[in-house]
Amino acid sequence: MKVTFHGDRIAPHGFTLVIIPRFEGEASVGRINPVFPSWLSKPHRDALKRRVESTDFAGKAGQRCALDLDNGSQRIVLLGLGKAPGDAIASALRRVGAAVWKECADLQAKSVAIWFDSGGAPVAKSESSALIEEFFGARYRFTRYQSGKQKGLFEPQKIAIWGLPSLSAKELSTLQSLQDAVFIARDLVNMPPNDCHPSYLVDVCRNLARRTSLSCRVLDGKKLERLGADALLAVGKGSEQPPFLITLSTPKSARKVPIVALVGKGVTFDSGGLSIKTAASMMEMKADMSGAAAVIGAMKALAEKKLAIEVRAYLPAVENMINGSATRPGDVVKTLSGKTVEILNTDAEGRLILCDAIALAEREGADIIIDVATLTGACVVALGTKYAGLFSDDDGLSQTILAAARDSGELFWRLPLAMEYNDLLKSPIADMKNIGNQWGGAITAALFLKRFVKKARWAHLDIAGPAFDESGGGTIPKGGAGFCVKTLVRTVEALAGR
Ligand code: BES
Ligand code: MN
Ligand code: ZN
């Protein structure tokens, strides 16, 4: 697939598909001709005008107006962008990117031209990236478990873009590789939990290390026992699948550079344990390793860059199940940090595996810790399925993450680490319990994790909402979204001063 940019205004002739994004209420498409691009012949222009009128196309976001020309050898599609340029131009172009892919696939178009006119408003390079990123991203399908569907996906050979700042071949390949990293995460989330268990995540990480500059360390049950990671072990105890704590690290730097730890929740299936979930709420729980999947994807993308920073992934991988040795509500465990926890709800397992991973990350030298987890249903209640929650006491780190997310088209909202609720974690017999009361569950979960961070700068990302798209109504098919891969990569780049 070849992507080219055209700054001049030569006509986009010879393309199977021509996409014209159009702002709402805009009188013209293209400044040269007051109504439609001048490269359209008079009869074509008239036909398009009639089509616009008959379909009431007004450029509203999501609106579409298509016209087939010359016996179907060419199709012109006007895509509504919504209200005029402004801050939202990047997100409008993201939608165009995904829509262009869909148009290409529907028509099996070999070549596509995108004729964009910002109406004179300045367009930044990041806005070209936004369109391309989403175009690449929308290609995703998960067909591994469908008999007979393994053949390659359709791809156009040529994409030509007018009216947007051009990206170099290197920039395009960086976007492509970032998107590949997102696909790795989506595949891991979409895989069924009988195949994607903790040992499988170990294999994935070992293979990744073999192919890249990353090194992989696997702490198994024995080693975790020696370390005293009893909170993590308590979650894995009820499963036939052995638990692991996997680390992936970029090469040690000769200079003194900051160490960033990315900690990803890797519960390959969450039945709730003895505090068992309902049948309906268990159906998505293969996705409870989405945090780990996002970190693995991000590490793959980061491994290809030379950054003035050390990055270490900590991936606690367990299955939360029920057998005769499963953890009971009421059990007390001593965490790796030495603090004791009364486990009153075995379904609040994410914080138990994360607290040991976070404590180990800091003990091993992390200066900055970012954990990513499908941690609470409460976060989904608060923010819905499109926004992830961000918790941090560090304003600088929060701003860095929010900026990285904005550049990635991923939605985050900062929620308070409200110390007013800290007492809800009081246990009558241990240092704390693993649940609060019925209110503010995303906050009490974050407050629980905060207790295991000593000096490091820390942020907690609760991605329970956007990690898994159960509607399939957006730009990606129903299932794993690969959410947070891009935000993590761009956050680390920013922390490395890039
Ligand atoms: N994995 C779930 C959180 C979750 C819920 C993720 C919905 C994605 C969609 C987590 O382990 C969990 O069960 N949390 C409990 C905590 C409660 C018992 C304090 C919850 O949110 O109900
Ligand atoms: Mn749970
Ligand atoms: Zn869980």
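In this text the structure is predicted, and so the values were computed from the model without any measurement. Count residues from 1 along the sequence. In listed order, ligands and their atoms are each counted from 1.
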Using a 4.0 Å heavy-atom cut-off, say whether Arg351 meets ligand 1 through its side chain, its backbone, both or neither. side chain
Counting heavy atoms under 4.0 Å, the part of Lys265 that contacts ligand 1 is side chain
Of the non-hydrogen atoms in [X] and [Y], which two are nearest, and what is the gap between them?
| X | Y | answer |
| --- | --- | --- |
| Leu188 | Ala293 | CB-CB, 4.0 Å |
| Glu133 | Asp407 | OE2-O, 4.4 Å |
| Leu415 | Cys379 | CD1-SG, 4.4 Å |
| Gly264 | Pro316 | O-CD, 3.2 Å |

Per-atom filter on ligand 1: closer than 4.0 angstrom to a heavy atom of Glu349 are 11 (O)
Contact atoms of ligand 1, heavy-atom distance to Ala464 under 4.0 Å: 6 (C), 8 (C)
How far is [atom] from the closest protein heavy atom, and which atom is that?
| atom | value |
| --- | --- |
| atom 19 (C) of ligand 1 | Ile435 CG2, 3.5 Å |
| atom 2 (C) of ligand 1 | Asp270 OD2, 3.7 Å |
| atom 15 (C) of ligand 1 | Asp347 O, 4.0 Å |
| atom 21 (O) of ligand 1 | Gly377 N, 2.6 Å |
| atom 7 (C) of ligand 1 | Met285 CE, 3.7 Å |

Report the C-alpha distance between Tyr314 and Ile369 in whole Å, list the side-chain angles of each, state the deciding distance to 0.1 Å, and finish with yes or no for side-chain contact (heavy atoms from CB on, under 4.5 Å). CA-CA 10 Å; Tyr314 285 81; Ile369 301 175; over 6 Å; no
Give a yes/no answer: is there an N/O/S atom of Asp347 under 2.8 Å from the Mn ion (ligand 2)? yes
Take Met432 and Glu342, measure what side-chain contact (heavy atoms from CB on, under 4.5 Å) needs, and give me the verdict at the end. CA-CA 6 Å; Met432 68 193 92; Glu342 183 182 16; over 6 Å; no
Is there a donor-acceptor pair under 3.5 Å between the side chain of [X] and the backbone N or O of [Y]?
| X | Y | value |
| --- | --- | --- |
| Asn323 | Gly238 | yes |
| Asn320 | Asp270 | no |
| Gln176 | Leu172 | no |
| Asn190 | Gly480 | yes |

Flag Thr376 as yes when one of its N or O atoms lies below 3.5 Å from any N or O atom of ligand 1, and as no otherwise. no
So, is Ala348 polar-close to ligand 1, with some N/O to N/O distance under 3.5 Å? no
With carbon and hydrogen excluded and only N/O/S kept, which atom of Glu349 is nearest the Mn ion (ligand 2)? OE1
Could you identify the N, O or S atom of Asp270 positioned closest to the Mn ion (ligand 2)? OD2
The NZ(Lys265)-the Zn ion (ligand 3)-OD2(Asp288) angle, to 10°, is 90°
Taking the Zn ion (ligand 3) as the vertex, measure the angle between atom OD2 in Asp270 and atom OE2 in Glu349; round to 10°. 90°
Any heavy atom of Leu375 sitting closer than 4.0 Å to ligand 1? yes
If the contact criterion is a heavy-atom separation under 4.0 Å, does Glu284 count as touching ligand 1? no
Just wondering, are more than 12 heavy atoms of other shown residues or ligands nearer than 6.0 Å to NZ in Lys334? no
Between Ile401, Leu375, Thr491, Val263, which is the residue that forms a side chain to side chain contact (heavy atoms under 4.5 Å, CB included) with Leu461? Ile401
Option whose closest heavy atom lies nearest to atom 18 (C) of ligand 1, chosen from Leu344, Val235, Asn345: Asn345
